[in-house]
Amino acid sequence: MKVRVRFAPSPTGGLHLGGVRTVLFNYLFARAHGGDFVLRIEDTDQARFVAGAEQYIMDCLQWCGLEPDESPVKEGQYAPYRQSERKHLYAEYAQKLVTEGNAYYAFDTTDDLERMRREMKKDEHSVPQYDKTTRMQMRNSLTLPADEVKTLLDQGTPYVIRIKVPADKTVTLTDMIRGEVSFDSNLVDDKVLLKADGMPTYHLAVVVDDYLMKITHAFRGEEWLPSAPVHVLLWENLGWKESMPQWAHLPLILKPDGNGKLSKRDGDRLGFPVYAMNWTDPKTNETTKGFREMGFIPQAFVNMLAMLGWNDGTGQEVFSLDELVQKFDIGRVHKGGAKFDFEKAKWFNHQYIQHTDNEELAKLAAPYVEKELGIGNLDLGLLSTVVPLIKDRCTLLPDFWEQGHFFFRTPTTIDEAAIKDKWNDQKQQFFTAWTGILTATDNWNHQDLENSFNEEVTKHGLKKGDVMLPLRIMLVGGKFGPGVFVIAEVIGKEETMKRIKHITG
RNA sequence: GGCGUGUUGGUCAAUCGGUUAAGACGCCUCCCUUUCACGGAGGAAUGACGGGUUCGACUCCCGUACAUGCUACCA
């Protein structure tokens, strides 16, 4: 049987780290087994639906290089791929469940439900749930006479369809990561399957679609584990037990400080991204920063995510996507959640910057440099020359500007205090003399520059260290950057002289 | 509260009954570097707790604690 996996997000907002990791594991599994990776949009919640989120999710997958084989815009033979467009299918199967006694109509209003829960809470030992202990006190097709149910239905009374969870049954499922997990059906509540608006809930939709789309392996977050018994029951009641996918409930990605699931808020609070790419909420117009815009290389981002909850046991940490396809093993995924460490994430990006070739890096860094320069057509030749000089000290793509702006523009802020502190006539005379020599020279390369600098230092009875730092500050503005003479060579004679004279007068 | 899941240094983690308990990030020291980094060499730091099982337990079992997830006509 052909392996088929799916990523099934709700289009409600930005794409979270954990979501991308789920995509990645799906993708790796599909590629390794010659299977299909499907993107299905779970847009059944009309209240939380956000326009543009679907396109955004696809853009994120594209940026990450994890594109699906089938999706709403690349339909395969199981179209449509949006649940809102499959609405009629769910109603059909919900009806079947009712007919066969595995589900029932419920007419309770929101107030009814609230009242029931309030009543139940008074008794400390009971749990406010719509289940076998309470359903016979509610208004549904199990308690109402058949003709009354028919009348209500004919009158168009709003209703939902709930699963009738059987009593005294142990529901067991085998998880590829956790092994056998079992639940007591007496503690599982009668989940709503079909909502009053005719849309299915996740529980019904995921089962119906996984079945119809012939999904063989289902990866999802650990938060779904508690509702897994409902899904297993549905697979059984619909008569599809033999086709049920193999489950894998992925560990959660936790916040770095304290505990709990990593959320967008944590990123805002701690100053790192949580979403793959910038996300602008269409309602509030508020933009949340993404890994892409923060300056991550997609391959580094993906690599980092792979190592969050998985490793190949050898200690290797840097893997290409192809290597991951080859080595990824769902059985080696951890059971426990992992706290997200932004420092480590940056380390991965630093690794990728060191291993990416200079031409490619220049292209990646160009947008950030152009933005700072306020131009749109930067000379990539110059950037390519600069890249190898500063890549060691760049962790994120914007660092190419931070570390190399003086190659493109005369420094705007110069740490003059660091020069003036120990300034004296001797140094003043040295620079005057040396710039005089520079004016006359035609050999503008770092080696000759350094030689003439050394000679002049000796002539003036100075130590090289006395004037190296001032020269550096004149050229770059501060105490950082690659070798000064190399910088002078790159920025050229005119610019070098200009920067020195700006300080020495 | 109930149910589920989990627990090796600050963080990510290897180990799958016998090791001086790897490695990485971060941190500290030193070297390299007349800047800042990179790099190199060192260092501090770990099996939640209590019972079993076993010749032997980080590893298996039970309990406790703690953490986390779920307990919506949200996913």
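Here is how names work: the chains are called A, B, and so on, in the same order as the sequence lines, proteins then strands, and each is numbered from 1.
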Original post:
So what's B:rU64 paired with, Watson-Crick or G-U wobble, going by both distances under 3.5 Å?
Top reply: B:rA48

Original post:
In whole Å, what is the span from the CD atom of A:Glu114 to the C1' atom of B:rC73?
Top reply: 13 Å

Original post:
When you measure from the side chain of A:His350, which nucleotide among B:rA13, B:rU34, B:rC38 comes out closest?
Top reply: B:rC38

**OP:** Return the value, rounded to whole Å, for the distance between atom CH2 of A:Trp347 and atom C1' of B:rU11.
**Re:** 14 Å

Subject >> Nearest-neighbour nucleotide for the A:Glu317 side chain, B:rU34, B:rA24, B:rC25 considered >> reply: B:rA24

Original post:
Which nucleotide in the list B:rA37, B:rG10, B:rC73 gets nearest to the side chain of A:Asp392?
Top reply: B:rA37

**OP:** Output the single nucleotide from B:rG69, B:rA75, B:rG23 whose closest atom is nearest the side chain of A:Lys195.
**Re:** B:rA75

Original post:
Heavy atoms under 4.0 Å, any strand shown: does A:Gly260 hit a base, just sugar-phosphate, or nothing?
Top reply: sugar-phosphate

**OP:** Ignoring backbone atoms, test whether A:Arg48 places a side-chain nitrogen or oxygen under 4.0 Å from the OP1 or OP2 oxygen of B:rA72.
**Re:** no

**OP:** State plainly whether the residues A:Glu42 and A:Arg40 are in salt-bridge range, i.e. N to O under 4.0 Å.
**Re:** yes

Original post:
How many Å lie between CD on A:Glu180 and P on B:rG4, as a whole number?
Top reply: 14 Å

Original post:
Rounding to the closest angstrom, what is the interatomic distance between B:rC49 and B:rG10 at atom P?
Top reply: 13 Å

Subject >> Nearest-Å distance once atom P is located in both B:rG42 and B:rA13 >> reply: 27 Å

**OP:** May I have the distance from A:Lys463 (atom NZ) to B:rU34 (atom C1'), rounded to whole angstrom?
**Re:** 11 Å

**OP:** Specify the glycosidic conformation (syn or anti) of B:rC62, with syn defined as within 90° of 0.
**Re:** anti

Subject >> Atom pair distance, as rounded to whole Å: OH in A:Tyr130 and P in B:rC70 >> reply: 24 Å

Subject >> Spacing of the P atoms in B:rA45 and B:rG23 (rounded, Å) >> reply: 15 Å

Original post:
Expressed in whole Å, how much space separates the P atoms belonging to B:rU35 and B:rC30?
Top reply: 16 Å

Original post:
For A:Asp108, which contact category applies under a 4.0 Å heavy-atom criterion: base, sugar-phosphate, or nothing?
Top reply: base

Subject >> Whole-angstrom distance between B:rA44 and B:rC60, as gauged at atom P >> reply: 29 Å

Original post:
From the list B:rA14, B:rA72, B:rU5, which nucleotide is the closest neighbour of the side chain of A:Arg117?
Top reply: B:rA72

Original post:
Taking any strand in view, what nucleotide pairs with B:rG2 in a Watson-Crick or G-U wobble way, both distances under 3.5 Å?
Top reply: B:rC70

Original post:
Which part of the nucleic acid, if any, lies within contact of A:Met307, taking any heavy atom under 4.0 Å across all strands shown: a base, the sugar-phosphate backbone alone, or nothing?
Top reply: sugar-phosphate

**OP:** May I ask you to verify if any side-chain N or O of A:Lys191 is less than 4.0 angstrom from the OP1 or OP2 atom of B:rA75?
**Re:** no

Original post:
Using a cut-off of 4.0 Å on non-hydrogen atoms, how would the nucleic acid contact of A:Ile390 be classed: base, sugar-phosphate, or nothing?
Top reply: nothing

**OP:** Between A:Gly483 and A:Tyr202, name the one whose nearest nucleotide on RNA chain B is closer to the 5' end.
**Re:** A:Gly483

Original post:
Of the candidate nucleotides B:rC25, B:rC36, B:rG6, which contains the atom at the shortest distance from the side chain of A:Arg393?
Top reply: B:rC36

Original post:
So, do A:Phe219 and A:Trp247 have ring centers that fall under 6.0 Å from each other?
Top reply: no

Subject >> salt_bridge(A:Lys191, A:Asp189) N-O dist < 4.0 Å >> reply: yes

Original post:
Does B:rC36 have OP1 or OP2 sitting under 4.0 Å from an N or O in the side chain of A:Arg472?
Top reply: no

**OP:** Determine, for A:Tyr104 and A:Arg162, whether the Lys NZ or Arg CZ falls below 6.0 Å from the six-membered ring centre while staying within 45 degrees of the axis.
**Re:** no

Subject >> Closest-nucleotide ordering on RNA chain B, the 5'-leading residue of A:Ser182 and A:Gly309 >> reply: A:Ser182

**OP:** Report the C-alpha distance between A:Asp184 and A:Lys169 in whole Å, list the side-chain angles of each, state the deciding distance to 0.1 Å, and finish with yes or no for salt bridge (Lys or Arg N to Asp or Glu O under 4.0 Å).
**Re:** CA-CA 6 Å; A:Asp184 177 356; A:Lys169 208 179 150 181; over 6 Å; no

Subject >> A:Asp209 versus A:Tyr90, side-chain donor and acceptor atoms under 3.5 Å >> reply: yes

**OP:** Report which part of the nucleic acid A:Ser10 touches: base, sugar-phosphate, or nothing (heavy-atom distance under 4.0 Å, all strands).
**Re:** sugar-phosphate

Original post:
Could you state the CZ-C1' distance from A:Arg40 to B:rA75, rounded to the nearest angstrom?
Top reply: 12 Å

Subject >> Lys/Arg N to Asp/Glu carboxylate O, A:Glu495 vs A:Arg409, below 4.0 Å >> reply: no

Original post:
Taking the same atom, C1', in B:rC32 and in B:rA41, what whole-Å distance lies between them?
Top reply: 11 Å

Subject >> Listed nucleotide nearest any side-chain atom of A:Glu343, set B:rC36, B:rC25, B:rA75 >> reply: B:rC25

Original post:
Once you round it to whole Å, what is the distance between P of B:rA13 and CZ of A:Phe340?
Top reply: 13 Å

**OP:** Kindly determine whether A:Phe319 and A:Trp310 satisfy ring pair (Phe, Tyr, Trp, His ring centres under 6.0 Å), including the steps that lead there.
**Re:** CA-CA 12 Å; A:Phe319 295 88; A:Trp310 175 84; 5.8 Å; yes

Original post:
Is there a Watson-Crick or G-U wobble partner for B:rG39 with both distances under 3.5 Å, and which nucleotide is it?
Top reply: B:rC31

**OP:** Return no unless some side-chain N or O of A:His334 is found under 4.0 Å from OP1 or OP2 of B:rU8.
**Re:** no

Original post:
Within the structure shown, what part of the strands sits under 4.0 Å from A:Gln129 by heavy-atom distance: base, sugar-phosphate, or nothing?
Top reply: sugar-phosphate

Original post:
Which value, in whole Å, describes the distance between the P atoms of nucleotides B:rG40 and B:rA57?
Top reply: 40 Å

Original post:
Hey, does A:Val181 reach any base, or is it just sugar-phosphate, or nothing, if we go heavy atoms under 4.0 Å?
Top reply: sugar-phosphate

**OP:** In whole angstrom, give the distance that lies between atom CD of A:Gln403 and atom C1' of B:rC36.
**Re:** 7 Å

Original post:
Out of B:rU11, B:rC73, B:rA13, which has the shortest distance to the side chain of A:Asn311?
Top reply: B:rA13

Original post:
Nearest of B:rC73, B:rC3, B:rC12 to any side-chain atom of A:Ala338?
Top reply: B:rC12

**OP:** Give the nucleotide from the list B:rU11, B:rA75, B:rC70 with an atom nearest to the side chain of A:Pro226.
**Re:** B:rC70

**OP:** Please work out which of the three classes, parallel, tilted or perpendicular, describes the rings of A:Tyr56 and A:Trp279, given edges at 30° and 60°.
**Re:** perpendicular

**OP:** May I ask you to verify if any side-chain N or O of A:Thr44 is less than 4.0 angstrom from the OP1 or OP2 atom of B:rA75?
**Re:** yes

**OP:** Answer with base, sugar-phosphate or nothing: what part of the nucleic acid does A:Pro482 contact at a heavy-atom distance below 4.0 Å?
**Re:** base

Subject >> Sugar-phosphate only, base, or nothing, as touched by A:Gly336 at under 4.0 Å among non-hydrogen atoms >> reply: sugar-phosphate

Original post:
Distance between the P atoms of B:rG9 and B:rU29, in whole angstroms?
Top reply: 25 Å

Original post:
Salt bridge check: are A:Arg393 and A:Glu402 linked by an N-O gap of less than 4.0 Å?
Top reply: no

**OP:** Assign A:Lys464 to base, sugar-phosphate, or nothing according to its heavy-atom contacts below 4.0 angstrom with the strands shown.
**Re:** base

